[in-house]
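Notes to accompany the following structure.
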Protein chains: 2
Amino acid sequence: MASQGPELEIVHLLRAVTVELGLHSSRFARRNALHPTDVRALIALMDASRADEEMSAGRLGALLGLNSAGTTSLIDRLERGGHVRRVRGRADRRKVVVEVDEKAVELGQAFFGPLIDRTVELLQGYDERERAAIRGFLEGVRDAAVAEEG
Amino acid sequence: MASQGPELEIVHLLRAVTVELGLHSSRFARRNALHPTDVRALIALMDASRADEEMSAGRLGALLGLNSAGTTSLIDRLERGGHVRRVRGRADRRKVVVEVDEKAVELGQAFFGPLIDRTVELLQGYDERERAAIRGFLEGVRDAAVAEEG
DNA sequence: GTCGAGTGTCTTGCTCAGCGAGATAATACG
DNA sequence: CGTATTATCTCGCTGAGCAAGACACTCGAC
């Protein structure tokens with residue numbers, strides 16, 4: 001099984017990476033008494049915040065594939081844990097904008113920071129052509145996964 | 001956000017890849033009326049089968065982080081769907097060896113095969129040094145994630 | 001303005017994955 | 001043989017997420 005040609009070995013390796021990153025996330029979840037969905041939500045919220053976009057309850061739910069009831073209880077859960085605040089939208093007052101608490105952001109950075117730093121460090125060990133190969137490969141896999149929606 | 005240096009861009013790309021691969025798995029899950037856990041279980045079972053290892057109920061549960069009750073109901077579910085068979089262990093008759101049904105294997109290959117093929121194809125577009133960089137990077141990330149169990 | 005359709009969120013009642021505790025069955029070891 | 005250990009299953013429960021619908025706000029037509 002370890003002798004299936006160099007390409008399949010890398011495919012297998014990529015899967016191992018996704019598995020380990022998933023396990024890493026679930027360690028974060030368990031440690032903070034969060035569910036996998038909660039972690040995904042927090043990540044989406046932090047992304048939005050970094051991009052200076054408002055994240056409404058509905059948009060968050062859609063992103064995570066939850067219906068409105070599930071979304072409400074997700075936000076309830078996060079709010080109860082103090083990770084998130086509900087703020088009524090100013091422009092459209094039906095909307096609920098979900099804001100991440102500063103402490104949650106710090107918590108996440110403290111947990112995922114070292115791994116990100118280590119990855120950046122790894123990448124600095126490669127020259128421009130090698131980095132381009134890595135980037136191109138990842139882009140290719142991402143696009144292939146996106147395209148595979150038959 | 002897209003201008004954070006070449007290294008962080010790749011880190012972000014890697015996350016996008018894991019997200020998209022996760023979504024791809026969940027499309028497979030939904031289409032076959034399976035839960036995420038069921039998919040993870042089937043993958044673990046196929047891996048074991050390819051490596052010619054027997055997978056007992058307990059080992060499967062441990063691999064997925066389930067307790068014994070959860071493991072039993074997981075296998076019940078998979079068996080009910082015809083994806084899996086229970087076989088009493090010959091050597092140790094307390095054990096239950098879980099075998100994947102041929103059809104489930106084919107189903108999985110039909111679904112994940114194209115993506116794997118596309119990935120192999122991508123890899124063939126790189127020379128030996130570039131492939132080594134990709135492999136080394138993935139190994140490094142995997143090891144970093146494994147090491148981060150503080 | 002105000003009426004109605006449309007949209008965003010929350011409530012209610014339910015299903016089912018997974019947990020804890022403990023029962024049952026087979027093995028190992030004295 | 002009998003006791004401890006190991007592997008799985010059963011029972012009762014908690015809680016995430018769903019479907020349906022209530023409620024609140026917005027916006028366009030008149």
Side-chain angles (χ1 to χ4, degrees), chain A residues 22-23 25-45 48 53-81 83-99, chain B residues 22-23 25-45 48 53-81 83-99:
Chain A
L23 289 176
S25 276
S26 61
R27 280 193 290 274
F28 176 70
R30 179 157 307 193
R31 177 169 317 184
N32 297 90
L34 297 170
H35 300 264
T37 303
D38 302 1
V39 175
R40 286 174 57 211
L42 286 175
I43 290 174
L45 287 168
E53 286 174 15
E54 287 198 337
M55 180 66 91
S56 71
R59 203 156 85 85
L60 179 61
L63 231 78
L64 302 177
L66 299 180
N67 75 0
S68 66
T71 303
T72 296
S73 82
L74 163 71
I75 299 175
D76 283 352
R77 223 155 53 223
L78 291 174
E79 200 172 38
R80 220 178 301 133
H83 304 296
V84 130
R85 284 182 304 278
R86 272 179 167 93
V87 182
R88 273 285 161 195
R90 278 164 304 118
D92 186 339
R93 300 239 323 253
R94 290 167 303 180
K95 289 192 182 177
V96 164
V97 174
V98 184
E99 292 178 353
Chain B
L23 288 175
S25 276
S26 60
R27 281 192 291 273
F28 175 71
R30 179 158 305 192
R31 177 170 315 185
N32 297 91
L34 296 170
H35 301 263
T37 303
D38 302 1
V39 176
R40 287 175 56 212
L42 287 175
I43 289 175
L45 287 167
E53 287 175 13
E54 288 197 337
M55 180 66 91
S56 71
R59 202 156 86 83
L60 178 62
L63 230 79
L64 302 178
L66 300 180
N67 76 0
S68 65
T71 304
T72 297
S73 84
L74 163 71
I75 299 174
D76 284 351
R77 221 154 55 223
L78 291 174
E79 199 172 39
R80 218 179 301 132
H83 304 295
V84 129
R85 284 183 304 278
R86 273 181 168 93
V87 182
R88 274 284 163 194
R90 279 163 301 119
D92 185 340
R93 303 237 323 251
R94 289 168 303 182
K95 288 191 181 176
V96 164
V97 174
V98 184
E99 291 178 353

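In the text below, chain A, chain B and the rest are named by the order of the sequence lines, each starting its count at 1.
Between the CG atom of B/Leu34 and the P atom of C/dC16 there is a distance of 15 Å, given to the nearest Å. In this structure, B/Arg94 atom CZ and D/dT5 atom C1' are separated by 7 Å, rounded to whole Å. Rounded to a whole Å, the CG atom of A/Asp76 is 14 Å from the P atom of D/dG15. Straight-line distance from the NZ atom of A/Lys95 to the C1' atom of D/dC25: 12 Å, rounded to whole Å. Atoms CG (B/Leu60) and P (D/dT8) sit 10 Å apart, rounded to a whole Å. Between B/Ile75 atom CD1 and C/dA17 atom P there is a gap of 14 Å when expressed in whole angstrom units. Computed from coordinates, the B/Arg59 CZ to D/dT6 P distance equals 17 Å when rounded to whole Å. The CE atom of B/Met55 sits 11 Å away from the P atom of D/dT8 (whole-angstrom rounding).
Taking each heavy atom of A/Thr71 and A/Gly61 in turn, the nearest pair found is OG1-CA, 3.2 Å. Taking every heavy atom of both residues into account, A/Val39 and A/Ser25 meet most closely at CG2-O, 4.4 Å. The two atoms that bring B/Arg86 and B/Thr72 nearest to each other are NH2-O, 3.5 Å, heavy atoms only.
Here D/dT26 is the nucleotide among D/dA7, D/dT26, D/dT8 with the atom lying nearest to any side-chain atom of A/Asp92. Of the candidate nucleotides C/dT27, C/dG18, C/dT9, C/dT27 has the atom nearest to the side chain of B/Arg93. Listed nucleotides D/dT10, D/dC25, D/dG17 differ in distance to B/Ala69; the shortest reach to its side chain belongs to D/dT10. The side chain of A/Thr72 lies closest to C/dC10 when the candidates are C/dG18, C/dC10, D/dC9.
OP1 or OP2 of D/dC18 sits under 4.0 Å from a side-chain N or O of A/Asn67. Taking 4.0 angstrom as the limit, A/Arg86 places none of its side-chain polar atoms (N or O) nearer than this to OP1 or OP2 of C/dT9. Using a 4.0 Å cut-off, no side-chain N or O of B/Ser68 falls inside it from OP1 or OP2 of D/dA7.
Side-chain contact check for A/Leu45 versus A/His83: every heavy-atom pair is 4.5 Å or farther apart. A/Leu34 is listed as a side-chain neighbour of A/Leu78, based on a closest heavy-atom distance under 4.5 Å.
Sequence order on DNA chain D of the closest nucleotides to A/Arg80 and B/Thr71 puts B/Thr71 first from the 5' end. Comparing A/Arg77 and A/Arg90 along DNA chain D, the residue whose closest nucleotide (by nearest heavy atom) sits nearer the 5' end is A/Arg77.
Qualifying side-chain hydrogen bond (donor to acceptor under 3.5 Å, both in side chains) partners for A/Arg30, counting only residues two or more places apart in sequence or in other chains: none.
Residue pairs meeting the side-chain hydrogen bond (donor to acceptor under 3.5 Å, both in side chains) criterion with at least one partner in residues 87-99 of chain B, sequence neighbours excluded, are B/Arg85-B/Glu99, B/Asp92-B/Arg94.
Terminal axes of the helix from C/dG1-D/dC30 to C/dG30-D/dC1 (five pairs each, C1' rotation axis) are separated by 10°, to the nearest 10°.
Considering CG of B/Asn32 and CG of B/Asp38, their distance stands at 10.5 Å, rounded to 0.5 Å.
Note on A/Gly61: nothing from the nucleic acid sits closer than 4.0 angstrom, heavy atoms only. Across all strands shown, B/Ala57 has heavy atoms under 4.0 Å from sugar-phosphate atoms exclusively, and none from any base.
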